[in-house]
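Have a look at the structure below, then the notes.
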There are 2 protein chains.
Amino acid sequence: MTTQLPVVCVPRLDLRAPDVIDAVAAASLIADPSRAAILAMLADGPVCVCEMAAALGARENNVSNHLARLRDAGLVRASRHEANARFLYYERDEAAVAAARAALADVLR
Amino acid sequence: MTTQLPVVCVPRLDLRAPDVIDAVAAASLIADPSRAAILAMLADGPVCVCEMAAALGARENNVSNHLARLRDAGLVRASRHEANARFLYYERDEAAVAAARAALADVLR
DNA sequence: GGAACATCTCAGTGACGACTGTGATGTTCA
DNA sequence: TGAACATCACAGTCGTCACTGAGATGTTCC
């Protein structure tokens with residue numbers, strides 16, 4: 001609880017707002033419960049769209065919309081199942097996830 | 001790039017959606033550029049409302065609204081300047097910030 | 001006490017985003 | 001080939017949230 005208040009109470013006009021666009025972009029994606037759960041589920045390996053929809057209790061086109069946003073952000077990518085190409089499996093791009101984690105950690109550093 | 005697709009393509013209905021409410025709450029706060037910048041600025045110590053407003057190029061009541069949300073979440077607290085109590089200085093609650101950081105890191109684990 | 005300042009609270013407005021429904025695309029199987 | 005399935009893309013609707021403006025509270029200084 002050591003609050004270091006400045007001795008002189010003159011507004012510091014040299015204070016610059018830090019660059020937070022990457023953190024905001026990452027946070028905006030996690031700010032939705034469905035997308036946050038999707039990202040957490042994908043931590044354990046690829047998951048099918050229908051599996052995620054069932055786990056979330058959401059419709060598949062709804063999940064698809066969220067996956068499209070995560071895809072556009074580069075956080076996940078899709079590939080069809082080898083044995084049954086009807087199923088589309090999503091997996092995380094760990095490099096992009098690490099970058100998002102770093103951007104968020106920088107704000108809360 | 002070792003995508004471990006299941007050999008048998010049967011939807012895993014046992015898949016449960018993980019608990020992400022804490023991460024979503026934290027992300028929702030960071031998802032706004034003003035709040036993200038505020039949290040980042042406060043990492044270096046207490047800052048006055050007028051200083052944050054000047055750095056952000058925002059109006060003071062706007063900044064005050066964002067600070068109220070961060071306050072309600074327990075991430076920041078306010079105290080008046082000892083020498084000049086007209087100025088209200090905000091500082092982070094490092095325990096709460098650490099908890100938010102942990103919740104976010106858990107989703108992107 | 002009164003004026004100027006710093007900040008808060010609240011209500012109103014506008015914009016962005018989440019969910020839905022529908023139709024389209026690609027895949028499997030009979 | 002046709003039916004069923006898995007998923008996507010897009011447009012419409014509705015709710016939430018950020019910014020604004022105005023008024024209220026607390027502080028300092030004359």
Side-chain angles (χ1 to χ4, degrees), chain A residues 5-6 8-13 15 17 20 24-38 46-73 76-91, chain B residues 5-6 8-13 15 20 24-39 46-73 76-91:
Chain A
L5 291 176
V8 183
C9 47
V10 174
R12 291 164 290 182
L13 297 180
L15 201 60
V20 290
V24 169
S28 299
L29 292 173
I30 304 178
D32 180 86
S34 298
R35 284 195 298 269
I38 287 171
V47 182
C48 172
V49 177
C50 60
E51 292 171 341
M52 288 189 266
L56 294 171
R59 308 205 171 177
E60 270 137 2
N61 58 354
N62 186 7
V63 175
S64 178
N65 280 333
H66 288 302
L67 286 167
R69 289 200 54 182
L70 294 173
R71 224 187 315 130
D72 291 345
V76 304
R77 57 171 166 264
S79 59
R80 298 213 169 261
H81 194 283
E82 298 168 3
N84 190 340
R86 216 167 21 171
F87 295 91
L88 198 56
Y89 277 75
Y90 276 85
E91 64 180 338
Chain B
L5 291 177
V8 182
C9 45
V10 174
R12 292 164 288 181
L13 297 180
L15 201 61
V20 290
V24 169
S28 298
L29 292 172
I30 305 178
D32 179 86
S34 297
R35 284 195 299 269
I38 287 171
L39 285 171
V47 182
C48 172
V49 177
C50 61
E51 292 171 341
M52 288 189 266
L56 293 170
R59 308 206 171 176
E60 269 137 3
N61 60 351
N62 185 10
V63 175
S64 176
N65 281 332
H66 288 302
L67 287 167
R69 290 201 53 182
L70 294 173
R71 223 186 316 130
D72 291 344
V76 304
R77 57 173 165 264
S79 60
R80 297 213 170 260
H81 194 283
E82 300 168 4
N84 190 341
R86 216 167 21 173
F87 295 90
L88 199 55
Y89 277 75
Y90 277 86
E91 64 179 336

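Letters A, B, ... are given to chains in the order of the sequence lines, protein chains preceding strands, and every chain is numbered from 1.
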- How about Arg77(A) and Glu91(A): do any of their side-chain heavy atoms sit closer than 4.5 Å? yes
- Task: For Leu67(B) and dC10(C), give me the distance from atom CG to atom P, rounded to whole Å.
- Result: 16 Å
- Item | Ile38(B) versus Met52(B), closest heavy-atom pair with distance | CG2-SD, 3.7 Å
- Under-4.0 Å side-chain N/O to phosphate OP1/OP2 contact, Arg86(A) with dA4(D): no
- Item | Residue closer to the 5' end of DNA chain C, Ser64(B) versus Asn61(A) (nearest nucleotide) | Ser64(B)
- Item | OP1 or OP2 of dC19(D) under 4.0 Å from side-chain N/O of His66(B) | yes
- May I ask you to test the Arg71(B)-Tyr90(B) pair for a side-chain heavy-atom distance under 4.5 Å? yes
- Integer-rounded Å distance: dG17(C) C1' and Leu29(A) CG: 12 Å
- Quick one: is dA6(D) close enough that its OP1 or OP2 comes under 4.0 Å of any side-chain N or O from Arg80(A)? no
- When the distance from CD of Glu60(A) to P of dT7(D) is rounded to whole Å, what number comes out? 6 Å
- Quick note, Phe87(B) side chain, CB onward, closest among dA9(D), dT9(C), dA6(C) is dA6(C)
- Message: In whole Å, I'd like the distance from the CG atom of Asn62(A) to the C1' atom of dT22(C).
- Response: 15 Å
- Task: Using atom types as modelled and distance alone, determine if a side-chain donor or acceptor of Ser28(A) lies under 3.5 Å from a backbone N or O of Val24(A).
- Result: yes
- Rounded distance in Å - CG (Leu70(B)) to C1' (dC8(C)): 15 Å
- Integer-rounded Å distance: dT28(C) P and His81(A) NE2: 11 Å
- Message: Rounding to an integer number of Å, can you tell me how far Leu88(B) CG sits from dC5(C) P?
- Response: 18 Å
- Message: Quick check on dC8(C): is either OP1 or OP2 less than 4.0 Å from any side-chain nitrogen or oxygen of Tyr90(B)?
- Response: yes
- Item | Interatomic distance, Asn65(A) CG vs dT7(D) P [rounded to whole Å] | 14 Å
- Under 4.0 Å between a side-chain N or O of Arg71(A) and OP1 or OP2 of dA9(D)? yes
- All heavy atoms of Leu56(B) vs all of Ser34(B), minimum pair found to be CD1-O, 4.2 Å
- Task: Return the nearest nucleotide to the side chain of Ala85(A); candidates are dT27(D), dC17(D), dT28(C).
- Result: dT28(C)
- Message: Closest-nucleotide mapping onto DNA chain C: is Ser34(A) or Ala68(B) further toward the 5' terminus? I mean the 5' end.
- Response: Ala68(B)
- Query: What does Asp32(A) touch in the nucleic acid at a heavy-atom separation under 4.0 angstrom: a base, only the sugar-phosphate, or nothing?
  - Reply: sugar-phosphate
- Message: By nearest atom, which of the nucleotides dC8(C), dT7(D), dC19(D) is closest to the Val49(B) side chain?
- Response: dC8(C)
